[in-house]
Every structure is written in structure tokens, then in C-alpha cells.
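Bear in mind the structure is a predicted one, so any value in this text is a computation, not a measurement.
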Amino acid sequence: MSRIIETDRLDIPELIPYTITSEIQLKRYFEPELGIFIAESPKVIRLALDAGYEPLSALVERKYITGQASDIIERLGDINVYTADSEVLTKITGFRLTQGILCAMRRKPLLTVEEILRKTERIAVLEDVMNQTNVGAVIRSATAMKIQAVILTPASSDPLYRRSVRVSMGTVFKMPWTYFESENYIDVLRKYGFTTLAMALHDNTVDIDNPVLKSLKKTAVILGTEGEGLKQSTIDSCDFTVKIPMAEGVDSLNVASASAVAFWELSKK
């Protein structure tokens with residue numbers, strides 16, 4: 001059973017994760033072992049627990065102990081649950097908790113690329129997408145539109161960074177995801193039978209609603225970084241370059257919006 005601990009101190013060692021603003025520092029918290037991440041809000045924490053992530057401690061506004069966080073506390077097991085009024089928690093974290101609860105959780109080992117590619121037919125690839133909001137939004141759209149996995153290139157932002165987790169509404173815990181080990185990933189996708197679809201503005205493109213795309217058995221939808229888009233070498237290596245037709249005067253959508261349109265269209269088989 002969780003231990004409820006009233007606190008007004010900022011120097012308790014177990015509260016250090018909630019004061020850290022560097023996501024990289026959290027990721028390396030137990031280095032060389034796997035690090036931690038911070039889950040925020042009751043819904044997100046429930047999904048993380050459902051997915052088997054191990055809680056290490058929790059920080060809960062006092063009024064939520066017997067309120068909207070009560071069922072979570074029952075599930076946390078033998079850990080410390082620190083509680084105080086909102087003003088004290090704001091001093092600890094540096095920001096006001098909007099939904100009254102944070103939970104420090106241990107990361108799990110990632111799936112390998114091969115484990116994912118052997119078991120899936122529709123995946124999304126994020127190439128150098130560094131914006132945490134966009135990573136979370138793409139994963140949320142992918143989960144909603146029945147994409148089976150997301151694989152990121154090494155330069156992409158981590159889906160377990162706090163903003164990504166929050167924007168995804170916890171779907172990062174439902175969607176299988178991992179990283180390619182190198183930038184040369186197109187050949188890996190082909191090895192497992194995937195047809196590669198580069199989402200890009202290009203002279204030689206097919207529209208996203210082209211029936212040929214919906215007839216493909218295994219597809220990898222590849223999306224690029226916010227400013228530059230996909231690398232030219234990636235576009236040249238892919239089987240198709242795909243665009244979303246838009247009204248005159250509008251040449252592009254941001255990667256999160258484009259992913260939602262593409263995933264929805266390709267789901268209509």
C-alpha cells in the first residue's frame with residue numbers, strides 16, 4: 001500500500017525528479033541503467049500503469065488524494081506519495097499542476113526495430129522530428145487511425161518527454177515505438193517487405209487518396225522535420241512521394257496535421 005506523506009520541504013531526495021527541468025537528465029537518471037520520465041494527469045498515469053510502467057513515487061495535490069487520484073493511489077503499490085497544497089507543489093515543480101498529480105516512472109527497454117517490423121503492416125516513421133508537441137500529436141493520430149507502430153530516427157525527440165506524453169494523451173503507452181539505430185533505414189524497411197511513402201512536396205508525386213496506395217500490403221508512411229521536411233536522399237530512396245492536395249495558396253500543413261490526414265486517408269481500405 002502507498003505511503004501518504006505530507007510535505008512542505010523542497011530538499012527531499014525523492015522529490016528531485018520533479019524539480020529537474022532537463023528531460024535528458026531524467027532519461028539518464030539511473031545511468032547506465034534505464035532512466036525515468038514524469039507522467040502528468042490522472043488519465044495519462046492510468047494508461048502508463050495499464051502498460052506496465054513501474055511507478056517510483058507520486059506528487060499529489062492534497063484535495064485529490066481522496067478525489068480523482070484515489071484509484072491511482074490504490075494501484076501504485078509500496079511507494080511514497082507526497083502531498084501538499086497547490087502552492088507548495090508549485091514551489092517544488094516550478095509550475096502549477098493543472099490536474100493535481102505527477103508520477104515518476106521507470107522507463108522500460110525499447111522493442112527492437114526487427115520485433116516491430118516482423119509483426120506490423122502499417123507503420124509511421126518520424127525522420128528528425130525534434131518538436132516534442134509534434135511527436136506527441138503524431139503518435140496520438142497514429143493510435144487513433146490504426147497505425148500499428150511508430151519508429152523514429154535517432155535525431156528525433158523522445159516520445160517519453162513530458163510534453164510529448166501530455167500532448168499524446170498517454171497514447172505513447174499504447175503505441176509500440178522504438179528508434180532506428182542509424183539514418184540508413186529505408187533498406188531495413190524494404191528487407192521486411194514495406195513499401196515506403198515519403199510525405200513531401202515534390203514535382204513527381206501521387207495524391208494521398210490514390211487507390212494504388214490503398215492496395216499496398218505493407219506501408220511505411222515517412223514524415224519529416226518541421227522546417228526542412230524529409231531529406232532529399234530519403235525522398236529519392238522511397239517507393240512513392242505522396243502529397244496531400246490543398247487549396248490554392250496553401251502549400252503545406254505542419255507534420256502533426258499532415259500525419260492525421262495521411263493516416264486517416266490510408267485507413268480507408
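- Leu223 is listed as a side-chain neighbour of Phe263, based on a closest heavy-atom distance under 4.5 Å.
- Linking ILVMFWY residues whenever their side-chain heavy atoms come closer than 4.5 Å, directly or via other members, places Trp264 and Met199 in the same cluster.
- Annotation: ring-ring contact (aromatic ring centres under 6.0 Å, His included) contacts of Phe173 (sequence neighbours excluded): Phe37, Tyr53.
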Let me have the donor-acceptor pairs involving side chains of residues 137-147, under 3.5 Å, with sequence neighbours excluded, atom names and distances please.
unit_1: Ser141; atom_1: OG; unit_2: Ala137; atom_2: O; d: 3.2
unit_1: Thr143; atom_1: OG1; unit_2: Ile139; atom_2: O; d: 2.8

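- Counting heavy atoms from C-beta on, the side chains of Pro42 and Tyr64 never come closer than 4.5 Å.
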task: Check step by step if side-chain contact (heavy atoms from CB on, under 4.5 Å) holds for Ile101 and Glu61.
output: CA-CA 6 Å; Ile101 181 170; Glu61 188 174 345; over 6 Å; no
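- Counting heavy atoms from C-beta on, the side chains of Lys174 and Leu47 come closer than 4.5 Å.
- Residues Ile123 and Leu189 are in side-chain contact: their nearest non-hydrogen atoms beyond the backbone lie under 4.5 Å apart.
- Evaluation of the side chain to side chain contact (heavy atoms under 4.5 Å, CB included) rule for Pro32 yields no partner, not counting sequence neighbours.
- Annotation: the span from Leu111 atom CG to Lys119 atom NZ amounts to 7.5 Å, rounded to 0.5 Å.
- In this structure Thr196 satisfies the side chain to side chain donor-acceptor pair (under 3.5 Å) test together with Asp239, sequence neighbours excluded.
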- request: Check the pair Leu266, Leu197 against side-chain contact (heavy atoms from CB on, under 4.5 Å), reporting the backbone distance first and the verdict last.
  value: CA-CA 11 Å; Leu266 293 172; Leu197 312 181; 4.0 Å; yes
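- The shortest non-hydrogen separation linking Ile38 to Arg162 is CG1-NH2, 3.4 Å.
- The side chain to side chain contact (heavy atoms under 4.5 Å, CB included) test applied to Thr112 returns Glu114, Glu115, not counting sequence neighbours.
- Using a 4.5 Å cut-off between side-chain heavy atoms of Ile, Leu, Val, Met, Phe, Trp and Tyr, with links allowed through other members, Tyr192 and Trp177 fall into different hydrophobic clusters.
- Contact detail for Val60 and Ala69: the closest heavy-atom pair is CG1-CB, 4.1 Å.
- Cys103 places a side-chain heavy atom less than 4.5 Å from the side chain of Leu76.
- Considering only heavy atoms from C-beta on, Ile222 comes within 4.5 Å of Cys238 through its side chain.
- The salt bridge (charged side-chain N to carboxylate O under 4.0 Å, His left out) search around Glu54 returns Arg106, not counting sequence neighbours.
- Interatomic distance, CD1 of Ile244 versus CD1 of Ile208, reported as 6.0 Å (0.5 Å rounding).
- Tracing side-chain contacts under 4.5 Å through hydrophobic residues (I, L, V, M, F, W, Y), one reaches Val261 starting from Leu126; they form part of the same cluster.
- Shown here is Ile24, whose CD1 atom has no more than 12 heavy atoms of other residues, nucleotides or ligands within 6.0 Å.
- Enclosure of atom CD in Gln232 by more than 12 non-hydrogen atoms of other residues, nucleotides or ligands within 6.0 angstrom is indicated.
- Annotation: side chain of Ile5 is not in contact with side chain of Thr83 (no heavy-atom distance under 4.5 Å).
- A salt bridge does not link Arg163 to Asp158: none of the charged nitrogens lies less than 4.0 Å from a carboxylate oxygen.
- Interatomic distance, Ile235 CD1 to Ser237 OG, rounded to the nearest 0.5 Å: 10.0 Å.
- In this structure, the side chains of Leu56 and Met105 stay at 4.5 Å or more apart for every pair of heavy atoms.
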query: Does the side-chain contact (heavy atoms from CB on, under 4.5 Å) test come out yes or no for Arg3 and Val81, once each step is laid out?
result: CA-CA 6 Å; Arg3 295 175 292 276; Val81 175; over 6 Å; no
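- Ser168 places a side-chain N or O within donor-acceptor distance of the main-chain N or O of Gly170, the cut-off being under 3.5 Å.
- Side chain of Ser164 to main chain of Gln132: a donor-acceptor pair is present (N/O by atom type, distance under 3.5 Å, no hydrogens or angles).
- The backbone N or O of Gly224 sits nowhere less than 3.5 Å from a side-chain atom of Glu127 that would complete a donor-acceptor pair.
- Heavy-atom neighbours of Glu6 CD from other residues, nucleotides or ligands within 6.0 Å: above the threshold of 12.
- Checked by atom type, the side-chain pair Asn254/Ser257 shows a donor-acceptor distance below 3.5 Å.
- Ile116 and Val135 are members of different hydrophobic clusters when ILVMFWY side chains are connected at heavy-atom separations under 4.5 Å.
- Under a hydrophobic-cluster definition in which Ile, Leu, Val, Met, Phe, Trp and Tyr are linked whenever side-chain heavy atoms come within less than 4.5 Å, directly or via other members, Val206 and Val221 are assigned to the same cluster.
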Verdict with supporting geometry, Gln148 and Met175, side-chain contact (heavy atoms from CB on, under 4.5 Å): CA-CA 7 Å; Gln148 295 170 312; Met175 171 64 69; 6.0 Å; no
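- Comment: Asp71 engages Arg46 in a salt bridge, judged by a side-chain N to carboxylate O separation of less than 4.0 angstrom.
- Thr133 approaches Asn131 most closely through the heavy-atom pair N-OD1, 2.9 Å.
- With hydrogens and angles disregarded, no donor-acceptor distance shorter than 3.5 Å links the side chain of Lys27 to the backbone of Leu160.
- Interatomic distance, OG1 of Thr21 versus CG of Leu26, reported as 8.5 Å (0.5 Å rounding).
- Of the inter-residue distances, the one linking Lys243 atom NZ with Thr205 atom OG1 reads 4.0 Å to the nearest 0.5 angstrom.
- Ala39 and Val44 make their closest contact through CB-CG1, 4.1 Å (heavy atoms, listed as atom of the first residue, atom of the second, distance).
- Asn80 and Tyr82 share a donor-acceptor pair across their side chains, judged by distance under 3.5 Å alone.
- A salt bridge between Arg166 and Glu40 is present, with a side-chain N of the basic residue lying under 4.0 Å from a carboxylate O of the acidic one.
- When every heavy atom of Asn134 is checked against every heavy atom of Ala256, the shortest pair comes out as OD1-CB, 3.6 Å.
- Remark: Phe180 CZ to Leu152 CG distance equals 9.0 Å, nearest 0.5 Å.
- Under the 3.5 Å distance criterion, the side-chain polar atoms of Thr178 are left unmatched by any main-chain donor or acceptor of Leu110.
- With respect to the salt-bridge test (charged N to carboxylate O, under 4.0 angstrom), the residues Asp128 and Lys231 qualify.
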